[in-house]
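First listed ligand is number 1; within each ligand, the first listed atom is number 1.
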Amino acid sequence: MFSPETYTARRAELKKRLGSGIVIFLGNSNVGMNYHDNEYDFRQDSTFLYFFGLSHDGLNAVIDIDNDRDIIFGDELTIDSIVWTGNLPTLHDLAAKAGVKDVRPSAELKSYLDKARTAAAPIHYIPYYRVEHDLRLMDYLDVRPGGAVPSLPLIKAVVDMRSHKSPEEIAEIEKACAVTAEMHKAAIRAARPGVTEYQMKAIVEEVATSHGMRCSFPTIATVHGEILHNHSYNNVLESGKLFLLDAGAETAMGYAGDMSSTCPVDMHYTDRQKAIYDLQQAASKAAIEMLRPGVPFLDVHMQASRTIASGLKDLGIMKGNVDDAVRAGAHAMFFPTGLGHMMGLDVHDMENYGEVWVGYDGKPKSTVFGFKSLRLARPLEEGFVFTIEPGIYFMPELTGLWKSQGLHKEFINYDEAEKWLGFGGVRNEEDYLVTSDGHRRLGPGIPMTTEAVEALKAEA
Ligand code: GLY
């Protein structure tokens with residue numbers, strides 16, 4: 001955890017911004033996989049982590065702004081739990097680490113909130129994402145399931161605070177990125193014909209575990225890089241194919257790294273693989289050069305899109321005017337995702353607050369295919385941390401559908417595009433911080449040229 005002063009200062013800042021009312025923070029609970037005591041790995045709610053830092057099951061908290069109280073609600077371990085799981089510090093000791101002196105039994109939370117509601121204090125809470133949260137809000141606030149309305153002033157305040165990473169948060173993200181880079185290097189070294197995707201997943205995740213970290217999201221380890229979030233691992237790596245890894249580590253405090261790499265299964269890229277890899281990297285570089293305060297991330301996304309469309313035109317896969325093609329969204333057949341997303345305590349940072357607040361500063365989002373997947377569009381500010389992950393994908397289903405609809409046929413040379421089906425996809429991804437006058441990559445980086453990837457493979 002950071003020092004108690006960090007959490008106290010964050011709560012003080014939130015009180016100042018909101019002015020009055022009660023803020024409820026629901027911590028996460030352990031969830032049984034197939035019966036109660038056989039639990040999924042516990043992951044604390046990130047908003048709770050940001051303001052209270054404690055990664056323990058069964059805690060909730062309240063900031064009572066009008067009475068200037070920060071209270072953690074939870075229950076001390078019973079002897080039965082101690083027999084089962086071993087002893088832990090008392091709740092008072094844990095709360096002290098978060099700078100909180102006021103600790104009360106869980107059973108008192110509802111009556112505390114009942115009193116606040118009688119006094120007509122505004123009640124603030126964020127949008128939650130687990131059924132257990134809905135059920136607890138239903139109980140605490142006497143609303144129907146799904147009937148709780150999150151507080152917009154709270155969302156805006158917390159998005160603003162969490163979007164601007166402090167130096168100690170950046171140092172923590174750097175740690176996650178350093179281990180994330182090792183995960184990718186291990187994969188590049190290990191990718192060989194005959195290895196299974198499951199084995200690759202194990203090799204990658206062993207790196208995170210051996211550093212005392214966990215994965216920040218389910219690993220994507222696939223020979224079908226064109227499937228954006230492929231979570232099956234049943235294929236065998238075959239000569240002539242690409243292997244795409246999208247994986248990241250998360251520190252014990254909950255800060256994420258998120259990188260992607262695409263390497264050949266063989267020792268060298270083929271000419272076609274190199275052409276698409278180099279184009280993907282040209283798009284990355286064009287984007288990264290633009291990163292500085294004040295530049296709308298939408299413009300950065302558009303620049304990466306134009307670079308990809310222009311390169312695909314050189315390869316005969318796209319045609320026509322590149323600017324017009326990108327404005328029309330034709331490039332999205334090959335690059336249907338956004339260029340990147342905020343990253344921090346969540347790999348898609350604060351995604352549960354709503355993309356419009358996190359990535360668009362409240363402005364409406366496009367609903368057009370390709371652009372609708374852009375999670376970040378707003379002007380960049382110092383302290384923002386996000387991924388840069390343009391990709392180039394050849395998707396049989398999408399190509400077939402668009403061709404049958406004659407979609408963007410003035411910009412897509414379908415006969416040529418069909419020759420690339422079966423190629424897969426290329427995505428490389430790094431994590432960036434916006435500084436006062438530009439940007440900085442976080443972590444030591446991973447090989448990002450075909451020569452560097454091949455050299456790393458040759459070392460193994
Ligand atoms: N890197 C995985 C994701 O962004 O969802």
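Annotation: cation-pi geometry satisfied between Lys201 and Tyr233 (NZ/CZ under 6.0 angstrom from ring centroid, within 45° of ring axis).
For the atom pair OH of Tyr393 and CD of Glu226, the computed distance is 10.5 Å after rounding to the nearest 0.5 Å.
Contact residues of ligand 1 (protein heavy atom closer than 4.0 angstrom to a ligand atom; sorted by chain and number): Phe217, His229, Asp246, Asp258, His341, His348.
Looking at residues two or more places apart in sequence or on another chain, you find no side chain to side chain donor-acceptor pair (under 3.5 Å) involving Glu39.
In this structure, the ring of Phe386 has its center no less than 6.0 angstrom from the ring center of His439.
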Scan the side chains in residues 45-53 for donor-acceptor partners under 3.5 Å anywhere in the protein, sequence neighbours excluded, and list what turns up.
residue	atom	partner	partner atom	Å
Asp45	OD1	Tyr129	OH	2.6
Asp45	OD2	Thr47	N	3.1
Asp45	OD2	Phe48	N	3.0
Ser46	OG	Arg43	NH1	3.2
Ser46	OG	Leu345	O	3.3
Ser46	OG	Asp346	OD1	2.5
Thr47	OG1	Tyr353	OH	2.6

Which pairs of donor and acceptor atoms, one on a side chain in residues 326-334, lie under 3.5 Å apart (sequence neighbours left out)?
residue	atom	partner	partner atom	Å
Arg327	NH2	Asp324	OD1	2.8
His331	NE2	Ser305	OG	3.4

